[in-house]
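Here's the structure we're looking at; comments come further down.
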4 protein chains.
Amino acid sequence: MENKAKPKYKLILDAAVEVIAENGYHHSQVSKIAKKAGVADGTIYLYFKNKEDILVSLFEEKMGQFVSKIKEEIERIEKADEKLYKLIEMHFRQLSEDPSLAIVTQLELRQSNKRLRFEINEVLKDYLALMDDILEGGMKDGTFQAQLKVKLVRQVLFGTLDEVVTNWVMKEQRYDLVDQARDVHYLIYNGLRKHN
Amino acid sequence: MENKAKPKYKLILDAAVEVIAENGYHHSQVSKIAKKAGVADGTIYLYFKNKEDILVSLFEEKMGQFVSKIKEEIERIEKADEKLYKLIEMHFRQLSEDPSLAIVTQLELRQSNKRLRFEINEVLKDYLALMDDILEGGMKDGTFQAQLKVKLVRQVLFGTLDEVVTNWVMKEQRYDLVDQARDVHYLIYNGLRKHN
Amino acid sequence: MENKAKPKYKLILDAAVEVIAENGYHHSQVSKIAKKAGVADGTIYLYFKNKEDILVSLFEEKMGQFVSKIKEEIERIEKADEKLYKLIEMHFRQLSEDPSLAIVTQLELRQSNKRLRFEINEVLKDYLALMDDILEGGMKDGTFQAQLKVKLVRQVLFGTLDEVVTNWVMKEQRYDLVDQARDVHYLIYNGLRKHN
Amino acid sequence: MENKAKPKYKLILDAAVEVIAENGYHHSQVSKIAKKAGVADGTIYLYFKNKEDILVSLFEEKMGQFVSKIKEEIERIEKADEKLYKLIEMHFRQLSEDPSLAIVTQLELRQSNKRLRFEINEVLKDYLALMDDILEGGMKDGTFQAQLKVKLVRQVLFGTLDEVVTNWVMKEQRYDLVDQARDVHYLIYNGLRKHN
DNA sequence: GATGAATGAGAGTTCATTCAT
DNA sequence: GATGAATGAACTCTCATTCAT
């Protein structure tokens, strides 16, 4: 078992992603997650307050890593439009590489109640702030138009990425998601850059 | 009572929108909808196969009207970029004018299970086809670039509209949604048009 | 079935008394009560808010009848000491005639939590008030000493009755409870009456 | 820490009384008692067979002391009616001085199941025997009537004391319990003594 | 067509107890 | 002797759907 080494906390979160991706949010009983994780039902509650807490933690954990990785790569890049491209490309790449996670974030987690979705939004703020940074950087250095409304542009960007990924998931991942990055970047960048 | 005239079918759908907007998807029991509609629980099942059918019907009905109205307006317009603007503006306007419906479509209906969401997507196809028409028209007459990937652009457009409306709903509709139409159109159009 | 005539509400309460007397408070699941009553589990919740509500209702219903019957008999009697005797005799007689109820009130219901016990005490107030009436009547007409502390005497009386019945229940009802009435009355009355 | 000296056995029993008085019987988990006692959960099971055993031991220990103290005092007294008074007074005094214990014995321990209550009754036998001794002594020496039924009188006495203390606990100990001793003794003694 | 009382399957969570260290 | 992480059985309540009237 590769599980011997992993702490139970991680073990349970990974099991949750798999179980939810397989069975859907509403058919993912705690007992199923426990079984997949190889622990007793009660053990779950030593690490999580309740079922919802598993989901929030799952999202925090995975989204945290997701954003960190993008941040890391972007810091090495100078130009705003290249940063933008990198963000798009890595957004697609990371979800591409973990299809279970993609199913969970794009479809299943949205079935949670409003309160949980607000908590999820809280976690997303970090990501949105990263987008704002790129946009503001580009506006300053002249890559993008100066009078853009950052909050609105960020909604265009996030909405686009989210929809493109959701589409890919609902089409059962039958095409390559990362391939879309170039075109998406072109459309968005064209919308933002200066034109003569 | 204004309800005397309305057929029970409509009565129930309207009640469903109100109940879901007020209580949230997961607290909208069939009995609550029946009460609000002024009919017995059992009566619901004379008009709808099951609870899910209420939701699908609700979406079909409302979305049907939603799309028809936009179609109607757009047919009168010649230029592709103006059609595009009209679509954006009316998308925002219609949801602006029916906040209960906005809450239901943007937040509550997404809590339904995957199967229901596939059915909802089915209903959306008509709307997406309309977008495709506008885009293809613009590509033909030279308003937009000729080599655009329609399916992808449609995702950018729909994803953007959806995100902007969702944002507005989650911000508790504290600002004017229709005011955003001009800027959103500018960004999208800029992404699509020819540049010298 | 003799049950056809009875309304479900009564049916459930009667079933509850039997089930609790047989299995003890902590082994009386709602499903057991439903089965004994011949209804579905869910039906219970059409008539009672929750499990605790069954118990409170049970106590209110049974205790209400219990006290009414005693009241009725006592009204016909003039002398305070005879009223006192009647109360004691009927207290014993009624519990004697419904051993299941005796088990439930003397042993099982006391296992409920503090909150429920406060509600039960509320129901008892009527009975205690009846005791007060008898005592005050006797103090006025010279049957009992005039300077008695009614609240304390009532505790002596109730505590005594309660203990004697509990003893009888715990001794598995191997002797006749009503036979004790004469002696208990003698002891209590002796404690209260005037002495030369 | 004053606890260093105390053996774990005592430490756990004292913790149990406090925890139960504070939280109520049903919210007094073994882990809470362990924490209060400053030992690990598992340690409890080195000293007690199971949770119930804690409660029985608690009652044996405390009740043993309770009865011994009363016995001790009573041996010094000659007259039966004075012995009776002493018993009443000390019953009240001891519970008065340890309100946590009073809550536990009068309210919380009664929520235990029937089997535990039989075991508790076993422990009480010693106390009841002491009452019997006083009563029989008084019957012999002419203080009390000769034809009293000792077992019944003992129920009157115990039932009275128990109810008076319970009342005091439920009234949140807002008055002085020991003050009641004189009146209670008067009522009981009057019921027992010879009258001319 | 309309009613609404009755149904019964289904799941999150607690906590006494164990046992490897 | 002492620890405390892990176990897993057990139970209330909700609500979509049915069907006799």
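All values below were derived from every heavy atom in this structure, side-chain atoms included, with hydrogens, water molecules and symmetry-related copies excluded. Within every chain, numbering begins at 1; the chains are lettered A, B, ... in the order of the sequence lines, protein sequences first and strands thereafter.
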Nearest-nucleotide 5' precedence on DNA chain E, A:Lys49 against C:Ala40:
C:Ala40
Mapping A:Ser28 and D:Asn50 to their closest nucleotides on DNA chain E, which lands nearer the 5' end?
A:Ser28
Please report the end-to-end axis angle for the helix from E:dA2-F:dT21 to E:dT21-F:dA2, five pairs per end, rounded to 10 degrees.
10°
I need the [atom1]-[atom2] distance between [X] and [N], as an integer number of Å.
X: A:Gln29; N: F:dG8; atom1: CD; atom2: C1'; value: 16 Å
X: A:Ile12; N: F:dA6; atom1: CD1; atom2: P; value: 9 Å
X: C:His27; N: F:dC11; atom1: NE2; atom2: P; value: 7 Å
X: C:Leu46; N: F:dC13; atom1: CG; atom2: P; value: 14 Å
X: D:Lys32; N: E:dA16; atom1: NZ; atom2: P; value: 10 Å
X: C:Lys35; N: E:dT7; atom1: NZ; atom2: C1'; value: 16 Å
X: D:Tyr25; N: E:dC15; atom1: OH; atom2: C1'; value: 13 Å
X: C:Asp41; N: E:dG10; atom1: CG; atom2: P; value: 13 Å

Within a 6.0 Å radius of atom NE2 on B:His27, are there more than 12 heavy atoms belonging to other residues, nucleotides or ligands?
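No - once you tally the heavy atoms of other residues, nucleotides and ligands closer than 6.0 Å, there are 12 at most.
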In Å, rounded to the nearest 0.5 Å, how long is the span from [atom1] of [X] to [atom2] of [Y]?
X: A:Leu95; Y: A:Thr105; atom1: CG; atom2: OG1; answer: 5.0 Å
X: D:Ile20; Y: D:His26; atom1: CD1; atom2: NE2; answer: 11.0 Å
X: D:Lys62; Y: D:Asp98; atom1: NZ; atom2: CG; answer: 6.0 Å
X: A:Ile54; Y: A:Tyr47; atom1: CD1; atom2: OH; answer: 13.0 Å

Nucleotide of F:dC13, E:dA2, E:dA16 approaching C:Lys51 most closely (side-chain heavy atoms)
F:dC13
I want to verify a distance call: between E:dA16, F:dA16, E:dT13, whose nearest atom is closest to the B:Val30 side chain?
F:dA16
With nearest nucleotide decided by heavy atoms, which residue, A:Gly38 or B:Ser31, maps closer to the 5′ end of DNA chain F?
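So the residue in question is A:Gly38.
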Salt bridge check, A:Lys32 against A:Glu22: does any charged N sit closer than 4.0 Å to a carboxylate O?
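No, this pair does not count.
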Testing the basics here: between A:Ile33 and A:Ser28, what is the closest heavy-atom pair and its distance to 0.1 Å?
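Closest heavy-atom pair between A:Ile33 and A:Ser28: CD1-O, 4.3 Å.
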Between [N] and [X], is there an OP1 or OP2 to side-chain N/O distance shorter than 4.0 Å?
X: B:Lys8; N: E:dG1; answer: no
X: C:Thr43; N: E:dA6; answer: no
X: D:Tyr45; N: F:dT3; answer: no
X: C:Tyr47; N: E:dA5; answer: no

